[in-house]
Q: 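Input: one structure, supplied below.
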Amino acid sequence: MADSSHGHTPAAWTGVIIAFIGFCVAGAFMVMVQPVGFWVGMALLVIAPIVGGVMSAMGMGKPRRAELQLKSTGAAQPASSGA
């Protein structure tokens, strides 16, 4: 498991940090009985996986299994149609 680099990417770290901040904000405002602040924290929790997914799609996430196999075997990658 140590060599799988599970979650050790900028996309994963960014998503987790945003979610952590969202939990902290929502928790603090829930204790202070401030509904608007609580819902701001909940909005951050909704935004976290979206940001992580976009960053992963931009190439900052873990490569897909097929890409790893092509790189490890040295096989040529199939040409993509530019359409």
Side-chain angles (χ1 to χ4, degrees):
M1 186 70 143
D3 61 343
S4 68
S5 73
H6 174 75
H8 298 286
T9 64
W13 278 104
T14 303
V16 168
I17 289 169
I18 293 172
F20 177 73
I21 291 169
F23 275 114
C24 291
V25 168
F29 281 101
M30 186 170 61
V31 171
M32 292 187 286
V33 192
Q34 298 292 323
V36 174
F38 170 78
W39 287 112
V40 168
M42 289 292 108
L44 286 173
L45 289 174
V46 171
I47 291 170
I50 295 169
V51 170
V54 168
M55 288 181 69
S56 182
M58 291 171 52
M60 294 184 219
K62 185 176 177 183
R64 303 205 187 282
R65 186 169 298 273
E67 293 172 7
L68 289 175
Q69 290 175 349
L70 287 174
K71 288 180 183 178
S72 66
T73 61
Q77 295 182 357
S80 62
S81 62

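Positions are given from 1, in the same order as the sequence printed here.
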Q: Mind checking what makes side-chain contact (heavy atoms from CB on, under 4.5 Å) contact with Val51, not counting sequence neighbours?
A: Thr14, Ile18, Ile47, Met55
Q: Any chain of hydrophobic side-chain contacts (each under 4.5 Å) joining Val54 to Met60?
A: yes
Q: Looking at Ser56 and Ala11, what are the two nearest heavy atoms and their distance?
A: N-CB, 3.7 Å
Q: Which distance, rounded to the nearest 0.5 Å, do you find between the CE of Met32 and the CZ of Phe38?
A: 12.5 Å
Q: Indicate if Val25 and Val36 have the same hydrophobic cluster label, given that clusters are the connected sets of ILVMFWY residues with side-chain heavy-atom separations under 4.5 angstrom.
A: no
Q: If Ile, Leu, Val, Met, Phe, Trp and Tyr residues are connected whenever their side-chain heavy atoms lie under 4.5 Å apart, and connections chain through other members, are Met30 and Trp39 in the same group?
A: yes
Q: Check side-chain contact (heavy atoms from CB on, under 4.5 Å) between Leu45 and all other residues, then give those that pass, not counting sequence neighbours.
A: Ala19, Phe23, Met42
